[in-house]
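Just so you know, these numbers use all the heavy atoms, side chains as well, and skip hydrogens, waters and symmetry mates. Residue numbers run from 1 in the order of the sequence given. Atoms within a ligand are numbered from 1 in the order they appear, just like the ligands themselves.
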Amino acid sequence: MSQFCIQVINPNTSPDMTNTIARAARSVAAPGTTILASSPSQGVESIEGHFDEAIAAIGVLEQIKQGKTQGAQGHVIACFGDPGLLAAREVASGPVVGIAEAAMHLATLVATRFSIVTTLPRTVIIARHLLRQYGFEHHCAALHAIDLPVLALEDGTGLAQQKVRERCIQAKREDHSGAIVLGCGGMANLARELTQELGMPVIDGVTAAVKMVESLLALGLGTSKYGDLAYPNKKPLSGCFEQLC
Ligand code: 2AL
């Protein structure tokens, strides 16, 4: 049996969300796969805009470096904006997969069009940018926001989860799409139950990305070091960035 070590990085600093993500990742990992769950030592406790993403990207790079020293062969970036994805690929040699790209890719394999249900309205524009960047613009029927902050998913009240469920039901009724993509790492534990309840694929990016990284590792495929994803050119980094060398 293959023995893989996959690092699942929560780019925000919320320990509760890291636990939710780690549990979901372990629930789908193959028997031979170890999940190394991690989050940055400093940064933002939730990622809800461009400013947050810029900070989170540095944390992702710090975590990739640490994951490599701990034996990680592949990496998942478990935030729906995929912060720092291409930079992470430059510093990694194994595969690096973001949860937004993973969920979107899988959605196109099981439906002609999908809907996205995310957290705050301001994160919708981030998802739109990614759809364009990844070439999935024409596959997405609509985007919905539950209009609650990311950390509402970890407040223990269940309100955010109820809103996700309601938005998914609304998306099924209104969008004429065949699948729903959950647009936050903190929603990772909801996909299976919603898939059952709605009778259509509801896709979470954390579990999708873990299975994609496992597949790439099983095929012996890592990030290409030929071309723009080659290791960064060596040059001095100053101040707090020295630790990224
Ligand atoms: C996210 C996410 O997945 N984690 C986080 O902190 N912010 N993005 C989002 N759209 O809710």
Report task. Please identify each residue that fulfils side chain to side chain donor-acceptor pair (under 3.5 Å) with E197, with sequence neighbours left out. Result -> R165
Query raised in the report: Is there a donor in the side chain of Q66 and an acceptor in the side chain of S38, or the other way round, less than 3.5 Å apart?
Result: no
Query - Residue pairs fulfilling salt bridge (charged side-chain N to carboxylate O under 4.0 Å, His left out) with at least one residue in residues 100-124, sequence neighbours excluded - result: R89-E101
Query raised in the report: Using the ring of each side chain (for Trp, its six-membered ring), is F136 parallel, tilted or perpendicular to F114, with breaks at 30° and 60°?
Result: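 Perpendicular.
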Query raised in the report: Looking only at atom types and distance, does a side-chain atom of T18 sit under 3.5 Å from a main-chain N or O of S14, one as donor and one as acceptor?
Result: yes
Query raised in the report: What pairs meet the side-chain hydrogen bond (donor to acceptor under 3.5 Å, both in side chains) rule with one or both residues in residues 148-157, with sequence neighbours excluded?
Result: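 Output for this query lists T20-E154, D155-T157.
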Query raised in the report: So which protein residues pack against ligand 1 under 4.0 Å, heavy atoms counted?
Result: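 Around ligand 1, where the cutoff is 4.0 Å for heavy atoms, the contacting residues are N12, S46, I47, C79, F80, T118, T119, T123, V150, G183, C184, G185.
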